[in-house]
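Below is one structure, written out as structure tokens; comments come after it.
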2 protein chains.
Amino acid sequence: MNGVSLSPTSYIVLGLLERLGGGTSYKLKQAIAESVGNFWSVPHSQIYAEPDRLEQAGLLGAERESGGRRRTRYTLTAEGLAVLDAWREAPADDGLPELRDAALLRLFMGADPGPLAAVRERAHRERLAHYEAAKARDDGTGDRGPWETLEAGIAHEGVSVRFWSQLAERHHHG
Amino acid sequence: MNGVSLSPTSYIVLGLLERLGGGTSYKLKQAIAESVGNFWSVPHSQIYAEPDRLEQAGLLGAERESGGRRRTRYTLTAEGLAVLDAWREAPADDGLPELRDAALLRLFMGADPGPLAAVRERAHRERLAHYEAAKARDDGTGDRGPWETLEAGIAHEGVSVRFWSQLAERHHHG
DNA sequence: CCTATCATGTAATCCGTTACATGATTAT
DNA sequence: ATAATCATGTAACGGATTACATGATAGG
């Protein structure tokens, strides 16, 4: 029982390395960008720093190239897999998420809703379209997890579009 | 034009101090807890640290008690108000928010949806009820901003309840 | 009076943001 | 060859998280 405390970023790294069967930080970066990054992004400097920490903790093994690109390839250790499994099976004691929407913050603090709503409506419509395209490309044969979270994303983008478009309507002639 | 770069936390402090007409960090803490903190919380240590920074930057004035509780009372300076106004009037160039829901992360990474969904459905229902109670208490005479953001919160909690309850249904017998 | 909770901060550490830097490929 | 972009990191800084600490006030 070593007491390393792991962050969501840690589990993203562990989980994707499991799915990919190991890989470099750059590989992770790509994998995040097109999947989990849609609802939980990780800056690329962290994608290089975090596997290092996990290696120190014994959850990853690393092989470093000496020549060429000198890249480092990480793989899950048995302990890393155990930790990942334990996290998946643990009771979900996470706190509820917050919206943390900077546009809502401006609105709350008294910004003019008109321009704000117009900009946000467009942006959310685009993201919604992007998610729906991704869903259309999905043939349903892969893991369930990513598919479910995509559904969640679509649902939330839907209400965002409705919220901002209604707000825009109430303010576009005033 | 001094180049202090302000964070969302900064604007929360500035905006609430404007609304409250000045106050101590503890007063801010309470004000955040019952309003903007619902979608953008700030840890209490930051609520003590941030006004200090803003004072250094000349955006707040501070009066420190010498006896008793030795508390510090902050007020907006003219420059602070100008900065707050500029932010409210600026084009909304903020990036879209991310869900960053730890339960979605577990789901994505392969956790069993059943227990997860049951727990989250309950939690979101409670928060939804809490928001709706707050809405019922609102007599509509106050600022629009908080009311609009409350609407946004209700809408998002609604889809969260639907998402997790549907997921729970699909998994509660198997 | 004693204890619990309110009120008010400070400190250590860690993580995220941003910027810097540079070697490898690919395209022209 | 040269330029562009891909790939792979490092470093500095600041803000967030977490823990520690302690003086006031209220309730019993």
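Small disclaimer: the values here were computed from a predicted structure and weren't measured. So you know, we letter chains A, B, ... as the sequences are listed, proteins then strands, and number each from 1. As a basis for the values below, the full set of heavy atoms in this structure was taken, side chains included, without hydrogen atoms, waters or symmetry mates.
- Atom CD1 in B/Ile47 sits roughly 15 Å away from atom P in D/dG15 (whole-Å rounding).
- Checking D/dA7, D/dG9, D/dT18 against the side-chain heavy atoms of A/Thr72 singles out D/dG9 as nearest.
- For B/Arg71 and C/dT10, the CZ to P distance is 15 Å, given to the nearest whole Å.
- Atoms NZ and CZ, on A/Lys27 and A/Arg73 in that order, are 8.0 Å from each other to the nearest 0.5 Å.
- Each of D/dT8, D/dA19, D/dT17 was ranked by its minimum atom distance to the side chain of B/Ser45; first place goes to D/dT17.
- The nearest whole Å value for the distance from the CZ atom in B/Arg73 to the P atom in C/dG9 is 13 Å.
- Rounding to the nearest 0.5 Å places CZ of B/Arg19 at 4.5 Å from CZ of A/Phe108.
- For the pair B/Leu54 CG and D/dG14 P, the interatomic distance rounds to 15 Å; values are reported in whole Å.
- The distance from atom NE2 of B/His44 to atom C1' of C/dA7 is 9 Å, rounded to the nearest whole Å.
- Ranked by how close their nearest DNA chain C nucleotide is to the 5' end, B/Arg100 and B/Ala49 are led by B/Ala49.
- The 5' end of DNA chain D is approached more closely, in terms of each residue's nearest nucleotide, by A/Gln30 than by the other of A/Gln30 and B/Pro43.
- Summarising the geometry, atom CD1 belonging to A/Ile47 is positioned 13.5 Å from atom CG belonging to A/Asp52; distances are rounded to the nearest 0.5 Å.
- As judged by a 4.0 angstrom heavy-atom cut-off over every strand, A/Arg53 is placed among residues touching the sugar-phosphate backbone only.
- Residue-level contact check: A/Ser7 touches neither bases nor backbone, having no heavy atom under 4.0 Å from any strand.
- One finds the NE2 atom of B/His156 at 11.0 Å from the CZ atom of B/Arg127 (value rounded to the nearest 0.5 Å).
- In this structure, A/Gln46 atom CD and C/dT17 atom P are separated by 8 Å, rounded to whole Å.
- Under the 3.5 Å distance criterion, the side-chain polar atoms of A/Glu148 are left unmatched by any main-chain donor or acceptor of B/Leu107.
- Rounded to whole Å, atom P of D/dT17 lies 17 Å from atom OH of B/Tyr48.
- Of the candidates C/dG16, C/dG9, D/dA7, C/dG16 carries the atom nearest the A/Thr9 side chain, counting heavy atoms from C-beta on.
- The NZ atom of A/Lys29 sits 7 Å away from the C1' atom of D/dA7 (whole-angstrom rounding).
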